[in-house]
Amino acid sequence: MAKILLTGGAGYIGSHTYLALVEAGFDVVILDNFSNAKLDVPNRLQNIVGDSVTVVNGDVLDRGVLDALFADHKIDGVVHFAALKAVGESVEKPLDYMHTNVGGLLNLLAAMDAAGVRRIVFSSSATVYGDTDVQPIPEDHPRTYTSPYAFTKIAGEQILEQLTDDWAVGILRYFNPVGAHKSAMIGEDPSDIPNNLVPYIAKVATGDLEQLGVFGDDYETPDGTGVRDYIHVEDLADGHVLSLKSLIETGNSHTVNLGTGEGSSVLDMVRSYSKACGRELPYQIKPRRDGDVAVLTARPEKAKVELGFEATRSLADMCRSSWAWVSGQIRNDRD
Ligand code: NAD
Ligand code: UDP
């Protein structure tokens with residue numbers, strides 16, 4: 001079976017993709033510098049799959065680490081998750097974002113090329129579409145950036161588009177990944193106060209934070225709050241399996257949205273999470289957050305046609321799995 005390198009494989013999306021790939025029969029190696037992942041993630045993965053997990057603790061910016069890894073393992077393809085991902089922080093530290101996200105990709109591609117590994121799946125983002133009234137968004141919508149983070153994702157896509165024909169590239173534009181693995185043993189685990197909606201609601205549900213601030217209720221949306229295309233992280237992980245299979249089987253590159261095509265508002269999410277945790281979660285309407293758009297949803301058809309990908313899990317599944325994960329963490333902490 002094919003052997004896949006996951007850079008950033010101990011992170012939120014990477015760890016779920018690890019499990020989906022192992023379940024699909026792939027052999028997987030993780031490279032992560034644990035700058036944004038807990039050191040116990042590999043143990044948790046091991047407990048779930050019941051087999052040893054191969055992890056290299058290293059940096060994608062370190063060419064020596066990459067060369068040694070490609071020498072030690074006969075890698076057939078790479079999924080490149082490793083990146084800095086906080087939009088707000090990227091405005092404060094644009095050079096760090098260019099260095100890790102663009103420099104890291106270039107370093108990885110050079111090492112892959114030297115090792116003769118020319119299949120890569122790249123974590124891109126709906127943020128490459130900027131602020132647009134075209135909703136749901138098709139993949140051929142022009143790209144534009146509103147933050148250094150978004151710039152690094154567009155730059156990454158453009159670099160990959162310049163590669164020669166002997167490369168097979170999967171560019172996956174994620175919409176809003178949320179939820180946790182069905183085992184409730186891995187999930188999103190932010191150490192600071194979360195910026196994103198679902199991790200924030202989760203901390204209100206656990207009692208760590210008092211109430212949710214809803215950023216604006218005067219958007220032109222059905223209930224006035226922002227609408228997003230939330231996708232269960234396990235569906236997203238399945239999308240990576242299909243992307244890799246397509247690269248291996250066809251040798252053709254693809255660029256696709258990974259979303260559900262359905263929009264949910266902030267208040268839809270509060271209601272669904274309240275149901276999942278069994279209590280009405282408190283919230284307060286606050287001013288709009290700078291840089292937010294009213295609506296952001298995917299046209300999901302291209303991923304279905306080209307990869308056979310279709311998200312199957314509901315908003316209720318996303319909230320239930322998130323709650324199972326965070327409430328399990330509370331029990332662990334108290335044990
Ligand atoms: P994450 O921070 O949980 O995972 C990234 C992982 O990469 C972490 O484990 C971190 O320790 C590791 N890492 C960071 N810099 C590294 C380096 N220089 N060398 C080696 N490892 C390094 O983030 P995530 O949410 O799992 O996101 C994964 C990818 O998906 C990122 O590229 C991100 O930009 C992209 N993405 C995420 C979202 C989202 O909402 N979570 C949306 C769109 C795109
Ligand atoms: N949001 C909110 N309160 C929060 C965090 C987010 O009301 O504490 C809203 C935000 O304005 C947006 C939606 O929730 O309408 C999703 O925000 P998130 O930061 O999760 O994702 P993104 O902005 O990247 O789509």
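Read the numbers this way: they start at 1 and go in the same order the structure lists the ligands and their atoms. Keep in mind it's a predicted model, so treat the numbers as computed, not measured.
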Please determine, by modelled atom types, if [X] and [Y] share a side-chain donor-acceptor pair under 3.5 angstrom.
X	Y	value
S124	E157	yes
H254	S243	yes
Y149	E89	no
S321	H232	yes
D229	T260	yes

Pick whichever of [options] has a heavy atom sitting closest to [atom].
atom	options	result
atom 1 (P) of ligand 1	L105, N57, L6, N36	N36
atom 25 (O) of ligand 1	K85, H16, R173	K85
atom 4 (O) of ligand 1	A82, G104, G11, G9	G11
atom 41 (N) of ligand 1	I13, V178, L66	I13
atom 28 (C) of ligand 1	Y230, Y174, F81	F81
atom 20 (C) of ligand 1	N107, N196, L61, N33	N33

Suppose we measure from [atom] to each protein heavy atom; which comes out shortest, and what is that distance?
atom	value
atom 3 (N) of ligand 2	G213 O, 2.8 Å
atom 9 (C) of ligand 2	V266 CG2, 3.6 Å
atom 20 (O) of ligand 2	L197 N, 2.8 Å
atom 21 (O) of ligand 2	N176 ND2, 3.1 Å
atom 25 (O) of ligand 2	R228 NE, 2.6 Å
atom 4 (C) of ligand 2	F215 CE1, 3.3 Å
atom 5 (C) of ligand 2	N195 O, 3.4 Å
atom 19 (O) of ligand 2	R289 NH2, 2.8 Å

Need the ligand 1 atom indices (1-based, order shown) with element for anything under 4.0 Å from a heavy-atom of [X].
X	answer
Y149	33 (C), 34 (O), 35 (C), 36 (N), 44 (C)
S35	10 (C), 11 (O), 13 (N), 14 (C), 15 (N)
F34	11 (O)
S124	43 (C), 44 (C)
A10	9 (O)

For ligand 2, note which part of Y283 has a heavy atom under 4.0 Å away: side chain, backbone, both or neither.
-> neither
Nitrogen or oxygen atoms of L31 and ligand 1 under 3.5 Å apart |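 Between L31 and ligand 1, no N or O pair is found under 3.5 Å apart.
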So is there a nitrogen or oxygen of T100 less than 3.5 Å from a nitrogen or oxygen in ligand 1?
->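 No, there is no polar N/O contact under 3.5 Å.
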Contact check, F175 vs ligand 2, heavy-atom distance below 4.0 Å =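 Distance cut 4.0 Å: F175 fails for ligand 2.
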Looking only at heavy atoms of D292, does any of them come nearer than 4.0 Å to an atom of ligand 2?
->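 Under 4.0 Å: yes for D292.
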Compute the centroid of each ring, for H240 and then for F81, and state whether the two points are separated by less than 6.0 Å.
->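 Yes; F81 has its ring centre under 6.0 Å from that of H240.
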Sequence neighbours excluded, which residues qualify as salt bridge (charged side-chain N to carboxylate O under 4.0 Å, His left out) partners of K38?
-> D189
Report yes or no: is the cationic atom of R228 (NZ for Lys, CZ for Arg) closer than 6.0 Å to the six-membered ring centre of F175, at no more than 45° off its axis?
-> no
Where do Y129 and E139 come nearest, in terms of heavy atoms and distance?
-> OH-CA, 3.3 Å
Does some non-hydrogen atom of T7 fall short of 4.0 Å from ligand 1?
->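 Per 4.0 Å heavy-atom rule, T7 does not contact ligand 1.
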Under 4.0 Å from a heavy atom of V214: give me the atoms of ligand 2 that qualify, with their elements.
-> 7 (O)
Point-to-point distance, once rounded to the nearest 0.5 Å, from OH of Y174 to NZ of K153 |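 These two atoms lie 7.5 Å from each other.
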Can you tell me how far CD of E234 sits from CD of E23, rounded to the nearest 0.5 angstrom?
-> 8.0 Å
Under 3.5 Å: N/O of [X] near N/O of ligand 2:
X	answer
L212	no
V227	no
V293	no
N196	yes

Between D235 and R313, is there a salt bridge with N-O shorter than 4.0 Å?
->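 Result for this pair is yes, salt bridge flagged.
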Is L236 reachable from V178 through a run of hydrophobic residues whose side-chain heavy atoms are each under 4.5 Å from the next?
-> no
